[in-house]
Amino acid sequence: VAEGMNEQGEIVGWARTIENRQHAFLWTESDGMVDLNNSTSLSGWDAGSYLQSARDINDNGQIVGGAYLNENGAAYVYSPGAPVVDMTPIVVAGMGGDGDDLASAEGINNSGDIAGDFVTVPGNYNDGYLLLGDTGEVIPIGLVNGRRTHAKCITNRVDGVVQVSGVSVEEGSIIYHAFRFTYDTV
């Protein structure tokens, strides 16, 4: 399943392995589809951890997505030539959470800004966030019209302004609403 594409035509997503595991992939015209678990370094990650999905790729080749780590879901960012980074502790700390909470990474722009979701455990309450690539600061998106947010897409910075979009939903409801969050980094 293709999830994201950059200006170079590189595509990221996920596919099932022979063992029926969901693995993240990168497709390029020169190499075809490559399992990111075979081409990246998970140095420092627990045995059994793996990259489940790749959600987005920017023009610098940085990839964000979801991983299976310590029997939980985790957000990650991969920069070419560097080990994969578990972003969950950064997001959880930035959102004021604790060690049981989770995070997802859904979008990345060319500045390395990342949009995703912070998930509280127990309760499974989602709140969108924006992580600034240049400072590492986590900006909570918060409630939109009283509804919890799920951040999905992010724009490139224009004059220091970045926008995040996604869906918001009232707790206990199945009715979704689109939202746009604007943040001035200047």
Side-chain angles (χ1 to χ4, degrees), residues 1-95 97 99 101-119 121 126 128-134 136 138 150-157 162 164-167:
V1 174
E3 296 277 359
M5 182 172 70
N6 63 15
E7 290 294 323
Q8 290 82 23
E10 297 169 322
I11 299 169
V12 294
W14 60 270
R16 295 266 177 211
T17 65
I18 291 175
E19 296 84 21
N20 200 31
R21 274 189 159 171
Q22 183 176 309
H23 276 207
F25 74 79
L26 167 65
W27 181 92
T28 64
E29 192 164 340
S30 60
D31 296 328
M33 192 164 102
V34 176
D35 185 333
L36 286 175
N37 292 282
N38 298 331
S39 62
T40 59
S41 170
L42 296 177
S43 176
W45 288 44
D46 291 345
S49 299
Y50 59 95
L51 306 180
Q52 287 183 303
S53 65
R55 298 288 190 198
D56 201 11
I57 183 170
N58 67 16
D59 294 342
N60 305 313
Q62 292 177 298
I63 299 169
V64 294
Y68 181 78
L69 174 64
N70 299 326
E71 300 183 15
N72 285 309
Y76 74 85
V77 62
Y78 164 70
S79 298
V84 176
V85 175
D86 174 13
M87 294 179 22
T88 304
I90 298 164
V91 173
V92 169
M95 295 290 284
D101 296 330
L102 307 173
S104 72
E106 301 291 333
I108 186 166
N109 66 18
N110 291 337
S111 299
D113 303 326
I114 297 169
D117 288 341
F118 164 75
V119 184
V121 178
N126 286 45
Y129 70 85
L130 165 64
L131 185 145
L132 301 179
D134 53 357
V138 177
H150 304 276
K152 298 296 177 195
C153 301
I154 188 167
T155 65
N156 282 317
R157 289 186 187 183
V162 63
V164 175
S165 66
V167 298

*Asks:* Supply the atom-to-atom distance I63 CD1 to S53 OG, rounded to the nearest 0.5 angstrom.
*Replies:* 11.0 Å

*Asks:* Got a donor-acceptor contact below 3.5 angstrom from the N37 side chain to the L51 backbone?
*Replies:* yes

*Asks:* With ring-ring contact (aromatic ring centres under 6.0 Å, His included) as the rule and sequence neighbours excluded, what pairs involving residues 19-67 come up?
*Replies:* H23-Y50, Y50-Y68

*Asks:* Please enumerate all residues that pass salt bridge (Lys or Arg N to Asp or Glu O under 4.0 Å) together with D56, with sequence neighbours excluded.
*Replies:* none

*Asks:* Sequence neighbours left out, cut at 3.5 Å: what donor-acceptor pairs do the side chains of residues 79-86 make with other protein atoms?
*Replies:*
| residue | atom | partner | partner atom | Å |
| --- | --- | --- | --- | --- |
| S79 | OG | Q62 | NE2 | 3.1 |
| D86 | OD1 | T88 | N | 3.0 |
| D86 | OD1 | T88 | OG1 | 3.1 |

*Asks:* Rounded to the nearest 0.5 Å, what separation is found between the CD1 atom of I90 and the CG atom of L131?
*Replies:* 6.5 Å

*Asks:* For N109 and I154, indicate whether the former's side chain and the latter's backbone hold a donor-acceptor pair under 3.5 Å.
*Replies:* no

*Asks:* Please answer whether the main-chain N or O of V119 pairs with a side-chain N or O of N126 as donor and acceptor at a distance below 3.5 Å.
*Replies:* no

*Asks:* Look up atom CD1 in I108 and atom CD1 in I57, then write down how far apart they are to the nearest 0.5 Å.
*Replies:* 9.5 Å

*Asks:* Please report, to 0.1 Å, the donor-acceptor pairs under 3.5 Å made by any side chain of residues 8-16, with sequence neighbours excluded.
*Replies:*
| residue | atom | partner | partner atom | Å |
| --- | --- | --- | --- | --- |
| Q8 | OE1 | N6 | ND2 | 3.2 |
| E10 | OE1 | N6 | ND2 | 2.6 |
| W14 | NE1 | E3 | OE2 | 3.2 |
| R16 | NH1 | N20 | O | 3.3 |

*Asks:* Enumerate the residue pairs fulfilling ring-ring contact (aromatic ring centres under 6.0 Å, His included) with a member in residues 74-94, sequence neighbours excluded, ordered by first and then second residue.
*Replies:* none

*Asks:* If I compare all heavy atoms of A24 with all of D35, which pair ends up nearest, and what's the gap?
*Replies:* O-OD1, 3.5 Å

*Asks:* Kindly give the heavy-atom pair with the smallest separation between V77 and M87, and that separation in Å.
*Replies:* CB-SD, 3.6 Å

*Asks:* Of all residues at least two apart in sequence or in a different chain, which pass the salt bridge (Lys or Arg N to Asp or Glu O under 4.0 Å) check with D134?
*Replies:* R157

